[in-house]
Trainee: 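Quick one: this structure, given as structure tokens, is what I'll be asking you about.
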Amino acid sequence: MTRTAGVTGPLPDIGPRRDTAPPRLRAVKRRRQTIFRWVVVTAVGLFFLVPLLAMLDFSTRALSGRRIFKAWQTLFDPAKLAKDYAPLWDGLKNSLALVVLTVVLMVVILVPTMTWIRLRVPWLRRTMEFLCLLPLTIPAIVLVVGLAPIYRGLSNIMSTSAIWLCFAYVVLVLPFAYRALDAGLAAIDVRLLSEAARSLGSGWGTVMWRIIMPNIRTAVVSACFLTVALVLGEFTVASLLNRQNLQTGILLIAAADARLATAIAVVALLLAVLLLLVLSFVSTGRRNRHSRRAARPAEA
Amino acid sequence: MSDVLLDPRADAQPPTQQRAGRGVGKRVLPVLPTVPFFLYIGLFLLVPTVIVVVGAFRTADGSFTLSNLGSLFTGEALAAFGQSIALSALTAVIGAVVGAVLAYALVTAAGNSFVRKIVAAACSVLAQFGGIMLAFAFIATLGSNGTVTRLLASWFGSESDGQWLYGFWGLALIYSYFQIPLMVLVFLPAVEGMRPQWREATETLGGSTWVFWRRVAGPLLAPAFLGSTLLLFANAFSAYATAAALITQYNTLVPLQIRGALISEVNLGQANLAKVLALGMVVIVAVVMALYAWLSRRTERWLG
């Protein structure tokens with residue numbers, strides 16, 4: 001910042017005094033802006049850091065104030081977790097199964113339909129967009145009220161197992177997955193690609209699986225990541241429909257062992273950061289390849 | 001697939017089909033592949049919504065009534081709506097103001113600065129850091145045995161039992177924790193859309209910083225700011241998990257009232273209380289989101 005002032009400083013002999021004032025003024029303003037920026041970032045940063053550090057402290061402190069690392073030892077001891085903290089273990093298993101089911105169901109339901117609507121029935125696109133974004137205005141807690149009777153019926157037909165929550169989770173993730181996939185489909189020429197594939201004799205299955213999917217890979221991956229994050233963090237629907245997942249398990253554990261629950265929260269947060277890093281890596285890696293490809297004709 | 005590849009007539013087939021399917025068939029046949037999607041959405045999104053809306057106007061034996069709506073205006077429900085709206089409005093404003101200042105501070109940093117990248121990444125994690133984990137984080141910080149509570153006690157001899165955390169102001173503080181990052185995420189594009197030329201033009205014409213904010217940047221950013229605030233309001237209004245994990249005995253917020261009504265749905269005369277409360281929530285969120293959509297269309301006109 002100060003360097004800018006040094007560069008613009010020795011230029012004044014172009015005009016009268018009036019011209020030299022703005023750069024110096026600007027330098028002062030710039031410096032003030034830098035200070036302002038650091039004050040804001042530090043203050044807000046503290047507000048966000050303190051609870052995170054407090055979680056680390058809380059998870060390793062006995063009531064007497066001594067350090068104990070029992071919670072963290074338990075956390076990295078799957079056998080003990082499975083034996084002594086059964087709700088957590090069951091919840092984790094259910095949540096992992098739900099992640100897989102929800103991701104598969106989401107892709108199977110959304111990708112072919114969205115592609116088909118773009119190709120053949122564009123007049124349905126508005127309707128589909130409206131329906132997919134609708135869950136944004138229907139809070140999960142409201143959806144649960146309407147889902148309760150449906151799930152009562154479902155548990156008679158199928159079972160009361162937690163894995164059927166995947167149906168509700170696909171609805172919850174719909175707006176986010178739709179936006180991600182829609183951006184992916186908008187970036188490629190669906191009609192051109194599918195017509196080329198069809199004219200070379202491939203069926204719709206091949207078009208979907210070998211032409212469209214690889215071309216919107218990044219969008220599918222980010223939709224999947226959003227789904228994973230949502231399913232692993234979902235509490236409202238599971239808890240109110242009396243199904244056990246990771247979050248309800250953690251809440252049960254928290255009553256018995258607050259330190260362990262807090263340690264889990266720390267790990268969950270770190271995993272979320274990791275997930276985000278992978279996601280941004282995937283998308284920027286893709287973008288770089290695109291720009292490189294775009295740059296090639298210019299070089300030639 | 002290989003059959004199709006080898007058979008030259010396969011290419012000619014689709015046009016023939018299309019020709020045969022003129023008239024009604026031409027319009028109906030292409031819709032068929034989308035049927036599974038619409039069936040699914042119908043069963044798991046539209047039917048639940050209809051159940052809520054219709055249930056709010058039905059008595060226990062299924063006949064039409066308006067008397068259920070009366071329970072929205074009883075003391076307890078009314079108080080819960082008041083608390084929920086106040087909490088959402090307060091945290092929306094706090095989140096919007098702090099988030100906007102933070103977003104501006106980030107944009108004034110040099111283009112690809114390290115701080116900016118870190119803060120943007122942190123925001124996208126923290127905006128999702130709702131749920132029961134957030135409740136744990138604040139119990140660990142400000143609960144009766146929390147780190148900050150203990151530090152304050154040993155430094156200043158304060159005697160907080162940490163109970164305030166479970167009340168209105170505690171919830172407001174906790175909700176701010178995910179509202180501020182969300183504001184940064186949704187407002188950053190608008191601030192980034194501000195052109196340095198606007199400021200230069202103002203200065204050339206003799207305008208001060210105050211004039212710039214009052215006459216140029218303010219009016220341009222206002223729709224985006226208001227829209228983001230509404231989004232934050234809806235976000236806080238729909239939040240359930242954090243409050244549910246913190247508050248187990250009193251149902252001070254609408255989502256908690258719904259929990260209570262769902263658990264005791266067999267209570268006489270309250271058969272459809274959960275649905276009425278849910279309908280009330282949907283109406284409020286829908287109005288807020290409609291306003292948001294309208295405002296974001298206005299934003300795009302200038303900062304798109």
Side-chain angles (χ1 to χ4, degrees), chain A residues 33 36-37 40-41 44 48 50-55 57-58 63 109 112-113 116-117 120-121 124 131 134-143 145-150 167-168 170-171 198-199 201-203 206 229 233 235-236 239-240 247 250-251 254 261-262 265 268-269 272-273 276 280, chain B residues 1 4-5 10-11 14 30-31 33-34 36-37 40-41 43-45 47-49 51-52 98 101-102 105 108-109 115 119 121-122 124-126 128-129 131-133 136-141 145-148 177 180 203 238 240-241 244-245 255 258-259 262 274-275 278 281-282 285-286 289:
Chain A
Q33 231 170 27
F36 162 78
R37 185 160 64 233
V40 168
V41 171
V44 181
F48 283 98
V50 166
L52 303 181
L53 295 176
M55 281 201 287
D57 171 56
F58 187 85
L63 270 179
I109 280 184
T113 313
W116 185 260
I117 282 187
R120 287 296 168 86
V121 268
L124 265 178
L131 287 175
L134 197 59
L136 286 181
T137 55
I138 304 178
I141 179 91
V142 170
L143 204 60
V145 177
L147 278 172
I150 293 177
F167 298 129
V170 169
V171 170
R198 294 280 292 163
S199 70
S202 59
T206 318
F235 172 77
T236 309
S239 124
L240 289 172
Q247 300 288 323
I250 294 175
L251 190 62
T262 312
L269 201 64
V273 175
L276 189 91
S280 72
Chain B
M1 289 310 120
V4 180
L5 276 173
D11 284 341
V31 178
T34 65
F37 168 80
Y40 185 89
I41 293 299
L43 183 57
F44 288 100
L45 179 61
V47 171
T49 313
I51 287 177
V52 168
V98 179
V101 171
L102 190 60
T108 55
V115 178
V119 177
S124 32
V125 173
L126 291 173
Q128 298 300 318
F129 185 52
I132 59 172
M133 306 284 191
F136 296 163
F138 273 86
I139 291 172
T141 314
N145 186 31
T147 305
V148 172
Y177 201 84
I180 294 172
E203 280 176 13
S238 331
Y240 166 76
I258 293 180
R259 169 181 71 181
L262 270 182
K275 287 161 193 162
M281 276 191 83
V282 170
V285 176
M289 292 302 280

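By convention in this document, chain letters (A, B, ...) are assigned in the order of the sequence lines, proteins followed by strands, and residues within each chain are numbered from 1.
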Trainee: How many angstroms lie between atom CD1 of A:Ile138 and atom OG1 of B:Thr49, to the nearest 0.5 angstrom?
Mentor: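 These two atoms lie 3.5 Å from each other.
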Trainee: side-chain contact (heavy atoms from CB on, under 4.5 Å), that's the test. Do B:Leu45 and A:Leu143 meet it? Break it down for me.
Mentor: CA-CA 8 Å; B:Leu45 179 61; A:Leu143 204 60; 4.0 Å; yes
Trainee: At what distance, to the nearest 0.5 angstrom, does CD1 of B:Ile41 lie from CG of A:Leu131?
Mentor: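 The distance works out to 6.5 Å.
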Trainee: Looking at residues at least two apart in the chain, or sitting in another chain, which of them share a side chain to side chain contact (heavy atoms under 4.5 Å, CB included) with A:Ala254?
Mentor: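 For A:Ala254, the residues satisfying side chain to side chain contact (heavy atoms under 4.5 Å, CB included) (neighbours in sequence not counted) are A:Ala261, B:Phe136.
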Trainee: A:Pro149: what forms a side chain to side chain contact (heavy atoms under 4.5 Å, CB included) with it, not counting sequence neighbours?
Mentor: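 Result, side chain to side chain contact (heavy atoms under 4.5 Å, CB included) vs A:Pro149: A:Arg152, B:Ile51.
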Trainee: Which distance, rounded to the nearest 0.5 Å, do you find between the OG1 of B:Thr34 and the CD1 of A:Ile109?
Mentor: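 Output value for this atom pair is 12.5 Å.
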Trainee: Minimum heavy-atom separation for A:Arg37 to B:Ala105, with atom names?
Mentor: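 For A:Arg37 and B:Ala105, the tightest heavy-atom pair comes out as CD-O, 2.8 Å.
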Trainee: Nearest 0.5 Å please: distance from the CE atom of B:Met289 over to the CG atom of A:Leu134.
Mentor: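 Those atoms lie 10.5 Å apart.
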Trainee: Nearest heavy-atom pair of B:Met133 and A:Ala268: which atoms, and what distance?
Mentor: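 Scanning both residues, the minimum pair turns out to be CE-CB, 3.6 Å.
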Trainee: Does any heavy atom of chain B fall under 4.5 Å from the side chain of A:Ile141, the backbone, both, or neither of them?
Mentor: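 Contact with chain B: backbone and side chain both.
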Trainee: If we ignore hydrogens and angles and just use 3.5 Å, is the side chain of B:Tyr40 paired with the main-chain N or O of A:Phe167 as donor and acceptor?
Mentor: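 Checking the backbone N and O of A:Phe167 against the side chain of B:Tyr40, a donor-acceptor pair under 3.5 Å is found.
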Trainee: If you define the side chain from C-beta out and look only at heavy atoms, does anything of A:Thr113 sit under 4.5 Å from B:Pro36?
Mentor: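 Side chain of A:Thr113 against side chain of B:Pro36, heavy atoms only: no contact under 4.5 Å found.
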Trainee: For a quick test of reading the model, state the closest non-hydrogen atom pair linking B:Leu43 to A:Ile150 and the distance between them.
Mentor: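 So the two residues come closest at O-CD1, 3.3 Å.
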Trainee: Could you tell me whether the side chain of B:Tyr240 reaches within less than 4.5 Å of the side chain of A:Leu240, counting heavy atoms only?
Mentor: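 In contact.
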Trainee: Which residue out of B:Val125, B:Thr147, B:Val52, B:Val47 racks up the most heavy-atom pairs below 4.5 Å with chain A?
Mentor: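 Most heavy-atom pairs within the cutoff with chain A belong to B:Thr147.
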Trainee: Looking only at heavy atoms and a cut-off of under 4.5 Å, which of A:Leu52, A:Val170, A:Leu53, A:Thr262 has the most pairs with chain B?
Mentor: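 Most heavy-atom pairs within the cutoff with chain B belong to A:Val170.
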Trainee: State, yes or no, whether a side-chain contact exists between A:Val41 and B:Leu102 at a heavy-atom distance under 4.5 Å.
Mentor: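 Contact flag for A:Val41/B:Leu102 side chains = yes.
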Trainee: Tell me the closest heavy-atom pair linking A:Thr137 and B:Val285, and the distance in Å.
Mentor: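 Distance-wise, the nearest heavy atoms are O-CG1, 3.6 Å.
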Trainee: To the nearest 0.5 Å, what is the distance between CE (A:Met55) and OG1 (B:Thr141)?
Mentor: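 It is 7.5 Å, given to the nearest 0.5 Å.
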Trainee: Would B:Asn145 and A:Phe58 count as a side-chain contact (heavy atoms from CB on, under 4.5 Å) if you check the C-alpha gap in whole Å, the side-chain angles of each, and the deciding distance to 0.1 Å?
Mentor: CA-CA 8 Å; B:Asn145 186 31; A:Phe58 187 85; 4.0 Å; yes
Trainee: Could you walk me through whether B:Leu126 and A:Phe48 pass side-chain contact (heavy atoms from CB on, under 4.5 Å), step by step?
Mentor: CA-CA 9 Å; B:Leu126 291 173; A:Phe48 283 98; 3.4 Å; yes
Trainee: Can you tell me which portion of B:Ala245 sits under 4.5 Å from chain A's heavy atoms? Options are side chain, backbone, both or neither.
Mentor: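 Answer is both: backbone and side chain atoms of B:Ala245 are under 4.5 Å from chain A.
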Trainee: Show the nearest heavy-atom pair for residues B:Ser238 and A:Pro139, with the distance to one decimal.
Mentor: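 Smallest heavy-atom distance, with atoms named: CB-CB, 3.4 Å.
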Trainee: For a quick test of reading the model, state the closest non-hydrogen atom pair linking A:Val142 to B:Ala278 and the distance between them.
Mentor: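 Closest pair (atom of A:Val142, atom of B:Ala278, distance): CG2-O, 3.7 Å.
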Trainee: If you count heavy-atom pairs under 4.5 Å with chain A, which of B:Phe37, B:Tyr177, B:Phe44 comes out on top?
Mentor: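 Highest number of pairs under 4.5 Å: B:Tyr177.
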